Amino acid sequence: MKKTLIMVAAILALSACASSGPPPPPTFIDATTTTLSAPPADKAQIIFLQPKNLMLPLAAVGIYDVTDNDMTLLSMLPTHSKSVHLVTPGAHRFMAGYGAHNYLMDANVEAGKRYYVVARFIYGMGFQLRPIRTTGKAGFSVENPDFATWVSKTRFVEKSPEADLLHAKYKVGNETAKAAAIADLLKKTPEQRAELTLNKEDAIAQ
């Protein structure tokens, strides 16, 4: 079943490899705002980072808000990029969609706070959303020496109108992918799910 799913990111990846014909319209564009504003008092600010994807640098991973029954395409992230989103405080669920591989991250965020999430590229397995913690010398935390580079060497991007058109065109396939991602999440242990959950205390000042 997974092999038959068509996601927006897969369309981009295949199109980027085409050797003939005009290039497809991009699914991402440079953001109009390139400075990071402070989060407003009534919203939480989440910054999604895609710091590296050496295998398919032109391909982009789709970031979706799949809270409740909704499925909203937030952004398309190519390598060395980031996107900023404001959400209401409380519980949310996000998905990284790339071809047949789609992964969920639960979140519980606080208004007026900033959070970081990395779209981690896993060879042959798509992208996994990993919350950045405030402590921890290795891996996904502000104490990782790579974190500063992830922030400084990524450019701000936004989804393009083409991305929304593709999302609507392949809505059924995207919903099927979402259901498969939920089933995969439910198979994980409580410890594994905790590792993939963004918590209120993960707020970062920088």
Side-chain angles (χ1 to χ4, degrees), residues 31 33-54 60-68 72 74-98 101-123 125-158 181-182 184-206:
T33 301
T34 58
T35 57
L36 189 59
S37 301
D42 62 337
K43 296 288 179 64
Q45 182 187 73
I46 303 180
I47 302 166
F48 291 93
L49 303 166
Q50 209 274 71
K52 55 185 177 180
N53 173 9
L54 300 179
V61 55
I63 305 298
Y64 298 84
D65 187 334
V66 295
T67 307
D68 300 323
T72 303
L74 298 179
S75 63
M76 298 293 296
L77 295 180
T79 191
H80 300 146
S81 71
K82 59 181 167 249
S83 63
V84 183
H85 304 279
L86 300 178
V87 301
T88 56
H92 292 269
R93 175 170 283 177
F94 301 98
M95 185 176 82
Y98 186 81
H101 304 288
N102 308 278
Y103 301 98
L104 298 177
M105 181 195 75
D106 287 326
N108 187 16
V109 293
E110 186 176 346
K113 302 295 185 180
R114 173 178 295 158
Y115 301 87
Y116 286 88
V117 176
V118 168
R120 173 197 179 199
F121 177 67
I122 306 174
Y123 178 72
M125 297 296 291
F127 293 82
Q128 182 186 57
L129 295 177
R130 296 300 299 263
I132 296 296
R133 312 296 190 193
T134 57
T135 59
K137 293 188 180 300
F140 302 94
S141 83
V142 295
E143 296 180 3
N144 183 340
D146 290 334
F147 175 69
T149 301
W150 293 346
V151 174
S152 65
K153 299 299 183 181
T154 48
R155 75 185 196 274
F156 291 95
V157 298
E158 300 172 351
I182 292 174
D184 178 71
L185 183 67
L186 293 176
K187 295 176 183 177
K188 297 186 182 300
T189 66
E191 292 77 16
Q192 289 172 325
R193 293 188 65 171
E195 191 176 50
L196 301 174
T197 298
L198 179 66
N199 303 304
K200 288 182 178 180
E201 57 267 28
D202 294 324
I204 296 171
Q206 64 192 80

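All values below were derived from every heavy atom in this structure, side-chain atoms included, with hydrogens, water molecules and symmetry-related copies excluded. Note that the structure is a prediction, hence the values are computed from the model and not measured.
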Candidate pair Arg130 and Glu195, rule side chain to side chain contact (heavy atoms under 4.5 Å, CB included), full reasoning
CA-CA 8 Å; Arg130 296 300 299 263; Glu195 191 176 50; 3.4 Å; yes
What do the steps show when you test Thr72 against Tyr64 for side chain to side chain contact (heavy atoms under 4.5 Å, CB included), and what is the final call?
CA-CA 5 Å; Thr72 303; Tyr64 298 84; over 6 Å; no
Quick one: are Val87 and Lys43 in side-chain contact, heavy atoms under 4.5 Å?
no
Return the NE2 to CG distance between His80 and Leu49, rounded to the nearest 0.5 Å.
11.5 Å
Do the ring planes of Tyr103 and His101 sit parallel (below 30°), tilted (30 to 60°) or perpendicular (above 60°)?
parallel
Between Phe48 and Phe94, does the ring centroid distance fall short of 6.0 Å?
yes
For the student: nearest non-hydrogen atoms of Ala91 and Thr67, plus distance
O-CG2, 4.0 Å
Donor-acceptor contact present, side-chain Gln50 to main-chain Phe127, <3.5 Å:
no
Closest approach of Val109 to Ala44 (non-hydrogen atoms, all atoms of both residues):
CG2-CB, 3.6 Å
Please tell me if the side chains of Val84 and Phe156 come closer than 4.5 Å, counting only heavy atoms from C-beta onward.
yes
Supply the atom-to-atom distance Asn102 CG to Gln128 CD, rounded to the nearest 0.5 angstrom.
12.5 Å
Kindly compute the distance separating CG (Asp146) from OG1 (Thr149), expressed to the nearest 0.5 Å.
6.0 Å
Calculate, to the nearest 0.5 Å, the distance between atoms CD and OG belonging to Glu158 and Ser83 respectively.
9.0 Å
In plain terms, say whether Glu143 and Arg133 are close enough for a salt bridge, that is, a side-chain N and a carboxylate O under 4.0 Å apart.
no
If every non-hydrogen atom of Tyr98 is compared with every non-hydrogen atom of Ala60, which pair is closest and at what distance?
CD1-O, 3.7 Å
Are the aromatic ring centres of Tyr116 and Phe140 under 6.0 angstrom apart?
no
State, yes or no, whether a side-chain contact exists between His92 and Val66 at a heavy-atom distance under 4.5 Å.
no
Is the closest side-chain heavy-atom distance between Pro78 and Val157 below 4.5 Å?
yes
Could you tell me whether Lys153 atom NZ has more than 12 heavy atoms of other residues or ligands within 6.0 Å of it?
no
Between Asp106 and Arg93 the two heavy atoms that sit nearest each other are OD1-NE, 2.6 Å
In Å, rounded to the nearest 0.5 Å, how long is the span from CD1 of Ile204 to CD1 of Ile47?
8.5 Å
Are there more than 12 heavy atoms of other residues, nucleotides or ligands under 6.0 Å from atom NZ of Lys113?
no
Smallest heavy-atom separation, Pro89 atom then Ala111 atom, equals CB-N, 3.7 Å
For Asp202 and Asn199, indicate whether the former's side chain and the latter's backbone hold a donor-acceptor pair under 3.5 Å.
yes
Drop me the distance from Leu198's CG to Ile132's CD1, to the nearest 0.5 angstrom.
10.0 Å
So Ile63 and Leu129, do their side chains get closer than 4.5 Å, heavy atoms only?
yes
For Glu110, does its backbone N or O pair with a side-chain atom of Tyr115 as donor and acceptor, under 3.5 Å?
yes
So, the side chain of Lys82 versus the backbone of Thr154: is there a donor-acceptor pair under 3.5 Å, distance only?
yes
For the residue pair Leu74 and His85, what are the closest heavy atoms and their distance?
O-CE1, 3.3 Å
Before you tell me yes or no, could you show the steps for Met105 and Thr197 under side chain to side chain contact (heavy atoms under 4.5 Å, CB included), namely the whole-Å CA-CA distance, both residues' side-chain angles and the distance that decides it to 0.1 Å?
CA-CA 6 Å; Met105 181 195 75; Thr197 298; 5.9 Å; no
